[in-house]
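Model, not experiment: these values are computed from the prediction.
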Amino acid sequence: MMKIKKAILAVSIAAFQAAFVMPGSAAFANEMPDGNTGSLVLYLNSRKMEQSGVEYTAIRNATVKQGVTYVSLRSIADRLGYKVEYDENTNEALVSSGDASEARFKANRNTYTVNGVSYSMNGTPYMDEGVLMLPLRSFSAIYGIKITLEGSKATLELPDATASDPEAEPEPERKNEPPVALFATDKHKYRMGEFIRYDDQSTDDEEAIVERKWDNNLPAFFEPGVVEVTLQVTDKHGLTSTYKQQIEITAEQLYTKEEFDRLFTPIGSNFEIEGNSVLSFDALPYTYRTEPYTLFRASGPETVNREGILYQDMIEGTTLFMIHHKNNLGEKAKFYVVAENKGESPASVNIGGLGFAGPSNYPEVAGRLAAARYFETMISGNASQSMTFAPGEKKLIFAELSTFAVPNGDVVTLNADLVSNGPIQYTVLIVKANHDPLEALYNLPHLDPQESIIRGTFKDSARIFEYNELVGTKPERLPLTDNTTDPFQRGIDGIKLTDATNSGNYGVLYYIVLNRVAPNTLITFNPRGGLYSGAARVNNDVVHIKHIGSTKDSTSVLYRTGDQEEKVELWITPAAGSNLPFTFLFLPLPEVRN
């Protein structure tokens with residue numbers, strides 16, 4: 001937004017005659033005291049103003065309407081040293097500050113013009129018994145005046161008058177102005193448990209706000225009283241501005257906290273629950289069928305201390321991949337997947353979904369992003385790729401895994417699926433960043449897992465649960481990955497040829513079909529093992545799940561049904577770097593109240 005030059009002159013002030021609405025009336029001038037500098041303090045819901053230790057009386061109260069503070073144009077112009085005139089042809093107020101720029105304001109119009117160019121305001125000017133009332137924030141922003149609201153006071157920091165000498169040489173370039181923090185709520189009085197919408201209206205002369213720091217901007221409050229909400233914005237130069245607003249919470253209750261959380265917590269966000277109470281919910285009778293997806297899980301050794309082959313096995317058909325490792329070579333390294341056709345005929349490999357994340361210092365973040373990106377490509381098809389292998393031919397696949405050299409201490413994670421029509425040997429390996437993986441392949445040792453984090457090959461790794469009864473008329477749950485209702489997989493270590501157990505069923509693809517979900521049902525994800533960072537596909541949307549450092553006493557919102565019964569489909573794969581088990585919750589939503 002273009003700013004009028006911040007030059008404030010100690011010049012004569014023209015104000016509107018009498019009530020300011022008489023066409024053809026002449027402007028009159030008052031002599032202003034020298035040095036309109038320092039700060040000007042306005043008192044909300046009062047006519048009191050203070051400037052340089054002197055108290056003044058405004059024509060009208062500084063008034064708050066729908067979250068916007070309005071002040072008398074004539075009163076604030078008098079104190080700032082601006083010239084105000086009236087254009088009887090357009091019914092506009094003309095404000096000039098001593099330079100060539102001229103701002104025009106009009107009652108019942110939420111824009112102002114500067115030299116013929118129109119700009120928006122954060123409120124609509126109005127007439128109060130003949131006095132034009134303007135939105136204080138917009139007026140201050142126009143002239144680059146910093147404003148701070150604290151309780152019932154609005155403080156305007158005025159520029160130094162010495163900078164406004166009309167004979168002075170113009171500045172070679174425009175000085176950066178601080179941002180102007182501002183937000184609005186739809187009203188200033190709410191019931192307990194009533195939703196509060198915050199509308200961030202902050203501005204910056206360069207459109208360069210880089211940080212917004214809120215304090216106490218809760219979506220609802222559940223105790224009566226007056227609360228204060230603060231927004232601080234920072235621009236790219238480090239200049240800041242703070243805006244504070246008070247909100248009254250009455251003793252009347254609209255929703256309890258539990259009701260509010262179920263109705264208004266955003267998709268992908270969490271709310272608190274009593275974790276032990278979940279066990280009292282009826283459990284859906286979990287019976288599943290499998291599909292012939294073979295899981296290639298390479299996550300042991302999780303922390304890799306030397307170059308070598310991390311996992312290797314030969315698989316034909318539909319294959320799921322979960323790869324999760326940390327570089328601990330002491331220098332940058334790269335991870336690769338080599339595919340080799342072990343058959344006597346040409347073979348094709350068709351990649352479907354693929355999600356890669358890293359390098360990252362945080363294994364749980366890499367696990368979440370890899371799972372989310374896998375589901376996103378499952379929906380979009382953006383990762384689809386087809387390759388043909390001659391007998392005995394080797395190729396690198398999953399190029400995303402080896403795009404970046406991984407710093408020492410960082411983690412990479414990959415979730416993917418593909419289909420081959422011949423026996424393909426897959427090898428996951430790590431080498432130093434400057435080494436060729438195909439040249440090094442035959443000289444690399446097979447690394448031992450050496451940790452409880454396992455690796456292995458597991459058949460039938462797609463579990464499908466389809467339920468035809470009505471869900472959501474009462475609190476219900478679907479517990480998974482607990483080795484009780486949902487048993488852990490048994491497989492084989494393809495290198496050591498020993499038995500392997502997929503503890504937690506990491507990498508397994510769960511497909512849950514709920515053919516009848518009751519109207520107004522909330523579906524959430526509850527981590528029973530504590531920290532969980534992953535993703536789920538809900539119908540055709542991907543929802544991130546973030547329980548960093550959380551416990552079973554929280555749940556994250558995945559979906560809400562509407563006013564009619566619905567079919568809901570869920571996909572999830574237990575994410576690398578997270579704790580297990582987890583459960584899905586199905587909760588009736590409270591009745592919506594006005």
K.L.:
Check the pair Gln312, Thr427 against side chain to side chain donor-acceptor pair (under 3.5 Å), reporting the backbone distance first and the verdict last.
P.N.:
CA-CA 4 Å; Gln312 185 179 71; Thr427 303; 2.8 Å; yes
K.L.:
Run the numbers on Leu182 and Thr203 for side-chain contact (heavy atoms from CB on, under 4.5 Å), then give the verdict.
P.N.:
CA-CA 8 Å; Leu182 177 65; Thr203 58; over 6 Å; no
K.L.:
If a pair satisfies ring pair (Phe, Tyr, Trp, His ring centres under 6.0 Å) and one of its residues is in residues 328-352, list it, with sequence neighbours excluded.
P.N.:
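Qualifying pairs, neighbours excluded: His325-Phe335.
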K.L.:
Tell me whether the centres of the aromatic rings in Tyr286 and Phe465 are closer together than 6.0 Å.
P.N.:
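Judged by ring-centre distance (under 6.0 Å), Tyr286 and Phe465 do meet the cut-off.
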K.L.:
Would you mind checking if Lys257 and Asp261 are paired as a salt bridge, meaning a charged N to carboxylate O distance below 4.0 Å?
P.N.:
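Between Lys257 and Asp261 there is a salt bridge, with a charged N closer than 4.0 Å to a carboxylate O.
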K.L.:
After noting the C-alpha distance and the side-chain angles of Arg368 and Glu364, does the key distance pass the salt bridge (charged side-chain N to carboxylate O under 4.0 Å, His left out) rule?
P.N.:
CA-CA 6 Å; Arg368 172 174 59 83; Glu364 70 278 4; over 6 Å; no
K.L.:
Determine yes or no for a side-chain-to-main-chain donor-acceptor pair under 3.5 angstrom, with Ser420 supplying the side chain and Ser348 the backbone.
P.N.:
no
K.L.:
Is Asp436 reaching over with its side chain to a backbone N or O of Ala440, donor-acceptor style, under 3.5 angstrom?
P.N.:
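Checked: no pair found.
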K.L.:
Which heavy atom in Gly472 sits nearest to a heavy atom in Pro588, and how many Å separate them?
P.N.:
O-CG, 3.4 Å
K.L.:
Using modelled atom types only, decide if a donor and an acceptor are shared between the side chain of Asn327 and the backbone of Val406 within a distance under 3.5 Å.
P.N.:
yes
K.L.:
Let me confirm one number: the CZ-OG1 distance from Arg528 to Thr481, rounded to the nearest 0.5 Å.
P.N.:
11.0 Å
K.L.:
Thr319 versus Asp417: any side-chain heavy-atom pair under 4.5 Å?
P.N.:
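Of all side-chain heavy-atom pairs linking Asp417 with Thr319, none is under 4.5 Å.
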K.L.:
Indicate whether the side chain of Asp493 and that of Thr498 have a donor and an acceptor atom separated by less than 3.5 Å.
P.N.:
no
K.L.:
Say whether, by atom type as modelled, one donor and one acceptor occur between the side chain of Lys395 and the main chain of Thr388 under 3.5 angstrom.
P.N.:
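Indeed, once roles are kept as given, a pair shorter than 3.5 Å links the two residues.
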K.L.:
Short question: side chain of Asn408, backbone of Gly330 - any donor-acceptor pair under 3.5 Å?
P.N.:
yes
K.L.:
Would you say the side chains of Ser202 and Asp200 form a donor-acceptor pair under 3.5 Å?
P.N.:
yes
K.L.:
With side chains defined as the heavy atoms from C-beta onward, is the minimum distance between Lys432 and Lys332 less than 4.5 Å?
P.N.:
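Not touching, per the 4.5 Å side-chain cut-off.
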K.L.:
Between the side chains of Gln489 and Ser461, is a donor N or O closer than 3.5 angstrom to an acceptor N or O?
P.N.:
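Note: Gln489 and Ser461 side chains meet the donor-acceptor criterion.
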K.L.:
Roughly how far, to the nearest 0.5 Å, is CD of Glu274 from OG of Ser280?
P.N.:
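Ser280 OG to Glu274 CD: 9.5 Å, rounded to 0.5 Å.
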K.L.:
Parallel, tilted or perpendicular: which one describes the rings of Phe525 and Phe582, with boundaries at 30° and 60°?
P.N.:
tilted
K.L.:
Measure centre to centre between the rings of Tyr311 and Phe296, then say whether the value is under 6.0 Å.
P.N.:
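Centroid separation for Tyr311 and Phe296: below 6.0 Å.
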K.L.:
For Asp313 versus Gly494, what's the shortest heavy-atom pair and its separation?
P.N.:
OD2-CA, 3.7 Å
K.L.:
Do you see a donor-acceptor pair shorter than 3.5 Å between the side chains of Ser554 and His547?
P.N.:
yes
K.L.:
How about Tyr293: does its OH atom have over 12 heavy atoms from other parts shown lying under 6.0 Å from it?
P.N.:
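For Tyr293, atom OH is not crowded (no more than 12 foreign heavy atoms under 6.0 Å).
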K.L.:
Spell out, as yes or no, whether a donor-acceptor pair under 3.5 Å connects the side chain of Thr294 to the backbone of Phe458.
P.N.:
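Here the side-chain-to-backbone pair does not exist.
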K.L.:
Got a second to check how far Leu558's CG is from Leu585's CG, nearest 0.5 Å?
P.N.:
9.5 Å
K.L.:
Assess whether side-chain contact (heavy atoms from CB on, under 4.5 Å) is satisfied between Leu580 and Tyr532, documenting all intermediate values.
P.N.:
CA-CA 8 Å; Leu580 297 173; Tyr532 192 93; 3.6 Å; yes
K.L.:
Once rounded to the nearest 0.5 Å, what's the spacing between atom CG of Asn434 and atom CD of Glu331?
P.N.:
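The CD atom of Glu331 is 7.0 Å from CG of Asn434, to the nearest 0.5 Å.
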K.L.:
Heavy atoms only: give me the nearest Val304-Arg306 pair and the separation to one decimal.
P.N.:
CG1-O, 3.3 Å
K.L.:
Could you name each residue pair satisfying side-chain hydrogen bond (donor to acceptor under 3.5 Å, both in side chains) that touches residues 563-574, not counting sequence neighbours?
P.N.:
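Matches after skipping sequence neighbours: Tyr511-Glu569, Arg516-Glu565, Tyr559-Glu566.
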K.L.:
Verify the distance criterion only: is there a donor paired with an acceptor across the side chains of Thr303 and Asn328 at less than 3.5 Å?
P.N.:
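There is no such pair (donor and acceptor under 3.5 Å, judged by atom type) between the side chains of Thr303 and Asn328.
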K.L.:
Of all heavy-atom pairs between Leu447 and Arg455, which one has the smallest distance, and what is that distance?
P.N.:
O-NH1, 2.7 Å
K.L.:
Kindly say whether Ala181 contributes a backbone atom to a donor-acceptor pair with the side chain of Ser241 at under 3.5 angstrom?
P.N.:
yes
K.L.:
Please find the pair of heavy atoms, one from Ala535 and one from Val542, that lie closest to each other, and give the distance.
P.N.:
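In terms of heavy atoms, the two residues are closest at CB-CG1, 4.3 Å.
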K.L.:
Got a donor-acceptor contact below 3.5 angstrom from the Asn505 side chain to the Pro487 backbone?
P.N.:
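Side chain of Asn505 to backbone of Pro487: a pair is present.
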K.L.:
Take Lys474 and Asp282, measure what salt bridge (charged side-chain N to carboxylate O under 4.0 Å, His left out) needs, and give me the verdict at the end.
P.N.:
CA-CA 8 Å; Lys474 59 183 178 180; Asp282 289 346; 2.7 Å; yes
K.L.:
If you look only at pairs with a residue in residues 354-409, which of them pass as a ring pair (Phe, Tyr, Trp, His ring centres under 6.0 Å), with sequence neighbours excluded?
P.N.:
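Sorted result for residues 354-409: Phe321-Phe398.
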K.L.:
Closer than 3.5 angstrom, by distance alone: can the side chain of Ser360 be matched with the main-chain N or O of Ala366 as a donor-acceptor pair?
P.N.:
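It does not hold such a pair.
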K.L.:
Scan residues 260-285 for pairs that pass ring pair (Phe, Tyr, Trp, His ring centres under 6.0 Å), counting only residues two or more places apart or in two chains.
P.N.:
Phe195-Phe264, Phe222-Phe260, Tyr255-Phe264, Phe260-Phe264
K.L.:
Got a sec, which residues hit salt bridge (charged side-chain N to carboxylate O under 4.0 Å, His left out) with Arg593, two or more places apart in sequence or on another chain?
P.N.:
Glu259
K.L.:
Please report the shortest heavy-atom distance between Glu194 and Ala220, naming the atom on each side.
P.N.:
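That closest heavy-atom pairing would be O-CB, 3.5 Å.
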K.L.:
Find the distance between CZ (Phe586) and CD1 (Ile523) and round it off to the nearest 0.5 Å.
P.N.:
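Reported to 0.5 Å precision, the distance equals 5.5 Å.
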K.L.:
Show the numbers, then the answer: is there a side-chain contact (heavy atoms from CB on, under 4.5 Å) between Ile430 and Ile309?
P.N.:
CA-CA 7 Å; Ile430 180 175; Ile309 294 173; over 6 Å; no
K.L.:
With rounding to the nearest 0.5 Å, note down the distance linking NZ in Lys236 to OG1 in Thr234.
P.N.:
14.5 Å
K.L.:
Side chain of Thr583, backbone of Leu478: donor and acceptor closer than 3.5 Å?
P.N.:
yes
K.L.:
Residues two or more places apart in sequence or in another chain: which of them pass side chain to side chain donor-acceptor pair (under 3.5 Å) with Asp460?
P.N.:
none
K.L.:
Between Lys342 and Glu344, does any side-chain N to carboxylate O distance fall below 4.0 Å?
P.N.:
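Salt bridge flag = no for Glu344 with Lys342.
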K.L.:
Do Asp486 and Arg463 pass the salt bridge (charged side-chain N to carboxylate O under 4.0 Å, His left out) test, and can you show the C-alpha distance, the side-chain angles, and the key distance before you say yes or no?
P.N.:
CA-CA 10 Å; Asp486 183 30; Arg463 296 188 174 182; 2.6 Å; yes
K.L.:
Evaluate Arg560 against Leu263 for side-chain contact (heavy atoms from CB on, under 4.5 Å), listing each step before the verdict.
P.N.:
CA-CA 9 Å; Arg560 292 180 179 91; Leu263 281 170; 5.5 Å; no
